Participant: 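Dumping the structure here so I can ask a few things about it.
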2 protein chains.
Amino acid sequence: MTKGRVTVIDIAKAAGVSKSTVSLVLQGSPLVNDGTRAKVNAVMRELGYVYNRGAANLRQSGSKSKIIGVVVNDLTNGFFAELAVGVDMVVQSAGFVQFLSNTSENLDRQREVIASMREHGISGLILSPARATEAADLKPLIAAGIPVVVAVRNVPGAKASSVVSDNREGVVVGVEHLVSLGHRRIAFLGGFRDTAVFDERLAGYRAAAAVCGLDADEDLIVDSPPSRAGGAEAIERALSIGNRPTAAVCFNDAVAFGVCDGLRARKLEPGRDFAVVGFDDVIEAKTAVPALTTISVDPQGIGRRAAQLLLKQISAGKAEAEAIVSSVRLVVRETCGAANGSPLGRTQA
Amino acid sequence: MTKGRVTVIDIAKAAGVSKSTVSLVLQGSPLVNDGTRAKVNAVMRELGYVYNRGAANLRQSGSKSKIIGVVVNDLTNGFFAELAVGVDMVVQSAGFVQFLSNTSENLDRQREVIASMREHGISGLILSPARATEAADLKPLIAAGIPVVVAVRNVPGAKASSVVSDNREGVVVGVEHLVSLGHRRIAFLGGFRDTAVFDERLAGYRAAAAVCGLDADEDLIVDSPPSRAGGAEAIERALSIGNRPTAAVCFNDAVAFGVCDGLRARKLEPGRDFAVVGFDDVIEAKTAVPALTTISVDPQGIGRRAAQLLLKQISAGKAEAEAIVSSVRLVVRETCGAANGSPLGRTQA
DNA sequence: TTTAATAATTGGAACGTTCCAATTCAGTCA
DNA sequence: TGACTGAATTGGAACGTTCCAATTATTAAA
């Protein structure tokens with residue numbers, strides 16, 4: 001009975017029409033008679049027909065695959081999981097499906113995954129690139145006319161669209177907030193120097209420092225792995241210099257948590273003895289003790305916007321590369337010391 | 001020049017062989033001469049050939065699509081994100097790709113997503129089912145001979161394989177731990193009653209209570225939404241009964257956090273005045289203050305196991321439904337009160 | 001040298017769909 | 001009635017691969 005999958009021809013036979021007509025029904029063409037359409041639909045339901053997109057796609061041989069690829073560098077990180085969810089939302093409601101893979105920051109794996117997605121005929125790609133991804137990695141995709149949107153991290157030199165958060169502005173706002181609390185010696189802690197995000201955030205730090213007339217002391221900038229351990233290490237180094245900082249804006253929240261750890265190890269209480277500002281507003285930032293003051297970015301929003309942009313480019317056939325920067329906002333909690341009445345910076349300056 | 005995609009025929013022409021030979025090379029057949037193979041490979045690289053899995057899949061018309069579908073009920077929940085990562089790991093190294101979608105606990109969306117995946121010809125499905133998923137939802141898949149593995153939550157009555165954590169045993173261990181600390185009045189808090197997971201965990205509670213000879217007081221079992229807010233509500237109700245509990249094992253960590261909130265609202269300190277045990281060991285459990293004693297399950301491990309099982313079934317053609325229960329372990333931290341020397345339960349009993 | 005066996009290679013059909021050009025079918029108009 | 005319309009339907013070719021049976025090239029045995 002079930003001698004194979006039921007095809008459009010089986011439907012045609014059972015409904016007493018030709019396969020072409022069935023095909024027309026499938027695509028919702030207005031050319032078919034309502035009666036015929038109803039009959040065909042009924043038969044399809046009855047026989048349990050399932051559409052074979054592979055075959056359709058083969059014939060159409062274009063970017064009509066209704067698959068969009070999503071590649072993220074670290075799914076276990078809530079930030080990127082949210083991003084993927086944002087993408088999925090818009091992609092799904094546009095009738096596409098999402099091919100999601102995780103690279104774990106591994107460039108080789110990223111290459112494999114992208115290659116595999118190409119073989120499957122994705123009609124577009126959203127990429128949150130692994131560290132050190134180069135424009136060359138995206139070249140073949142773009143050359144093949146497959147729209148690509150990079151998210152979160154820029155890929156310098158790539159002719160792809162991008163949706164990133166306003167890293168520069170975020171740090172500017174963070175620094176200004178600290179300045180408004182009376183701080184003058186503000187450090188910038190954590191992060192790998194060779195990344196685009198680091199560059200942007202550091203640029204924000206420098207710009208704000210210049211505007212506020214702070215000391216431009218290179219000792220106040222200390223890089224480290226962008227992790228909790230890295231943060232602890234960074235604050236350690238920052239406190240060992242002659243003219244100590246009284247506050248810091250950190251590369252990201254993980255670093256900020258590490259900075260708090262390091263502070264406590266020195267019997268300094270974050271928010272009271274030293275002001276800390278993070279970046280990202282990860283989920284734990286709110287519930288940590290003390291709660292982390294940080295720059296909030298909306299990963300789900302970035303995902304949604306990236307997906308919208310991609311869909312636009314897909315339907316437009318070919319579009320110009322576009323760069324969207326997603327705005328950020330400061331969330332004041334406890335670690336900056338703004339909560340307790342007496343701004344600590346001022347007492348020390 | 002690029003008048004279309006380069007096909008196996010183009011390669012054949014350029015390499016001076018037939019398309020069949022190229023195909024053989026593609027599948028790594030031992031039938032082709034090494035020299036020929038090398039030449040073909042060279043030409044493929046030169047012309048930038050990309051394999052068209054859609055076409056191949058069409059011909060093979062079997063479950064060789066190398067796509068496996070992964071559907072989770074809530075990707076923003078770190079637990080399920082980890083699950084997906086675990087799946088991705090093994091699936092990727094087996095040369096498959098993962099089609100991942102998020103249902104947000106929405107049954108309709110789950111149906112759509114599964115249908116869409118079928119159209120794309122997945123060769124297997126891993127499903128972390130949305131609440132209230134029924135066996136009927138999986139019926140067509142299974143009838144079509146597509147292997148299905150449900151993870152985390154069982155779907156009662158479905159003839160599919162499953163990988164779930166040992167919910168019953170987890171609660172047993174939790175209760176026994178509390179008993180060993182001297183507690184006799186132990187509540188079971190939170191969770192929706194109509195779910196399989198709730199049933200299993202509650203069964204563990206009842207079994208342990210019976211074994212330990214605890215009062216079988218139905219008032220000690222209070223359900224609620226499985227969320228932080230639900231937990232606060234549950235403890236509130238639990239503390240309002242005549243003979244109050246001195247400890248609780250909670251449906252999950254979110255509930256446990258809510259219980260801690262509710263306790264504090266009553267000026268009771270979790271771990272000192274009341275013992276709390278969670279379930280899941282989410283990432284925040286470790287860093288919360290006080291740190292949460294909880295039952296640790298390994299979502300990534302569940303993902304990996306589910307994927308392995310699925311791959312096994314795919315390659316075996318058709319396998320018996322198999323049920324794997326993934327073991328859990330108790331992680332003793334602060335909220336159970338075991339840390340501070342004097343077990344609180346005993347002083348109150 | 002012929003024959004048999006083995007190693008490589010090959011053309012064509014098939015997979016399930018879409019598209020195109022062509023056809024049939026009712027009506028309508030002169 | 002016959003030519004003309006527009007609407008509805010249709011058969012076949014095509015998409016890029018794999019598989020099968022058949023063919024050719026190579027080597028070993030007689």
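Within every chain, numbering begins at 1; the chains are lettered A, B, ... in the order of the sequence lines, protein sequences first and strands thereafter. Just so you know, these numbers come straight off a predicted model, no measurement behind them.
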Participant: Identify, residue by residue, the members of residues 38-45 of chain A with a heavy atom below 4.0 Å from DNA chain C, and return them in order of residue number, or none.
Facilitator: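 Hits under 4.0 Å, by residue number: none.
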Participant: Within the structure, does a side-chain N or O atom of Thr7(B) lie under 4.0 Å from either OP1 or OP2 of dC15(D)?
Facilitator: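 Result: no.
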Participant: For residues 135-142 of chain A, dump all side-chain donor-acceptor pairs below 3.5 Å to protein atoms at least two apart in sequence or in another chain.
Facilitator:
| unit_1 | atom_1 | unit_2 | atom_2 | d |
| --- | --- | --- | --- | --- |
| Asp137(A) | OD1 | Arg111(A) | NH1 | 2.7 |
| Asp137(A) | OD2 | Glu134(A) | N | 3.1 |

Participant: If you look only at pairs with a residue in residues 142-162 of chain A, which of them pass as a salt bridge (charged side-chain N to carboxylate O under 4.0 Å, His left out), with sequence neighbours excluded?
Facilitator: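 Every salt bridge (charged side-chain N to carboxylate O under 4.0 Å, His left out) pair that includes a residue of residues 142-162 of chain A, provided the two are not neighbours, is Glu105(A)-Arg153(A).
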Participant: Starting from the C-alpha separation in whole Å, work towards a yes-or-no answer on side-chain contact (heavy atoms from CB on, under 4.5 Å) for Ile68(A) and Ile314(A).
Facilitator: CA-CA 10 Å; Ile68(A) 84 109; Ile314(A) 289 173; 4.2 Å; yes
Participant: For residues 45-55 of chain B, pull every pair meeting salt bridge (charged side-chain N to carboxylate O under 4.0 Å, His left out), keeping only residues two or more places apart or in separate chains.
Facilitator: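 Checked against salt bridge (charged side-chain N to carboxylate O under 4.0 Å, His left out) - neighbours excluded - the pairs reaching residues 45-55 of chain B are Glu119(A)-Arg53(B).
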Participant: Would you say the side chain of Asp10(B) lies within less than 4.5 Å of the side chain of Thr7(B), judging by non-hydrogen atoms?
Facilitator: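 Sidechains of Asp10(B) and Thr7(B): in contact.
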Participant: With sequence neighbours left out, which residue pairs that include part of residues 13-37 of chain A fulfil the ring pair (Phe, Tyr, Trp, His ring centres under 6.0 Å) condition?
Facilitator: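 Qualifying pairs, neighbours excluded: none.
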Participant: Name every donor-acceptor pair, under 3.5 Å, that has one atom in a side chain of residues 75-89 of chain B and the other anywhere in the protein, sequence neighbours excluded.
Facilitator:
| unit_1 | atom_1 | unit_2 | atom_2 | d |
| --- | --- | --- | --- | --- |
| Thr76(B) | OG1 | Asp74(B) | OD1 | 2.6 |
| Asn77(B) | OD1 | Phe79(B) | N | 2.8 |
| Asp88(B) | OD1 | Gln92(B) | NE2 | 3.2 |
| Asp88(B) | OD1 | Gln98(B) | NE2 | 3.1 |
| Asp88(B) | OD2 | Asn102(A) | N | 3.2 |
| Asp88(B) | OD2 | Gln92(B) | NE2 | 2.7 |

Participant: Side-chain N or O of Gln27(A) less than 4.0 angstrom from OP1 or OP2 on dC19(C)?
Facilitator: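 Result: yes.
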Participant: Remember a base hit wins even if backbone is also touched, and classify Ser23(B) as base, sugar-phosphate or nothing at under 4.0 Å, heavy atoms.
Facilitator: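 If one applies the 4.0 Å heavy-atom cut-off, Ser23(B) turns out to touch a base.
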Participant: Between the two ends of the helix from dT1(C)-dA30(D) to dA30(C)-dT1(D), what is the bend in degrees, rounded to 10 degrees, where each end axis spans five pairs?
Facilitator: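 Inter-axis angle at the termini of the helix from dT1(C)-dA30(D) to dA30(C)-dT1(D): 60°.
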Participant: Minimum heavy-atom separation for Leu309(B) and Ser161(B), please, with both atom names.
Facilitator: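 Minimum heavy-atom contact is CD2-CB, 3.7 Å.
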Participant: List the protein contact pattern of nucleotides 8-14 of chain C with one symbol per nucleotide (5' to 3'): B for base contact, S for sugar-phosphate-only contact, - for none; contact means a heavy-atom distance under 4.0 Å.
Facilitator: SSBBBBB
Participant: With sequence neighbours excluded, give me every ring pair (Phe, Tyr, Trp, His ring centres under 6.0 Å) pair touching residues 107-144 of chain B.
Facilitator: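 For residues 107-144 of chain B, and leaving out neighbouring residues, the ring pair (Phe, Tyr, Trp, His ring centres under 6.0 Å) pairs sorted by first residue read Phe99(B)-His120(B).
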Participant: Please tabulate, one pair per line, all N/O donor-acceptor pairs under 3.5 Å involving side-chain atoms of residues 12-20 of chain B, not counting sequence neighbours.
Facilitator:
| unit_1 | atom_1 | unit_2 | atom_2 | d |
| --- | --- | --- | --- | --- |
| Ser18(B) | OG | Ser20(B) | N | 3.3 |
| Ser18(B) | OG | Thr21(B) | N | 3.3 |
| Ser18(B) | OG | Thr21(B) | OG1 | 3.4 |

Participant: Scan nucleotides 21-28 of chain D against the protein and return all N/O pairs shorter than 3.5 Å with their distances rounded to 0.1 Å.
Facilitator:
none

Participant: Hey, does Ser101(B) have a side-chain heavy atom less than 4.5 Å from the side chain of Met117(B)?
Facilitator: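 Heavy-atom side-chain distance check passes, below 4.5 Å.
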Participant: Write out a two-atom table: protein N or O, nucleotide N or O from nucleotides 23-28 of chain C, distance below 3.5 Å.
Facilitator:
none

Participant: Side chains of Val25(B) and Asn41(B): does their closest heavy-atom pair fall under 4.5 Å?
Facilitator: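 The answer is yes; the side chains approach within 4.5 Å.
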Participant: With side-chain contact (heavy atoms from CB on, under 4.5 Å) as the test, would you mind laying out the steps for Arg131(A) and Thr195(A) before giving the verdict?
Facilitator: CA-CA 7 Å; Arg131(A) 230 184 323 272; Thr195(A) 67; 3.9 Å; yes
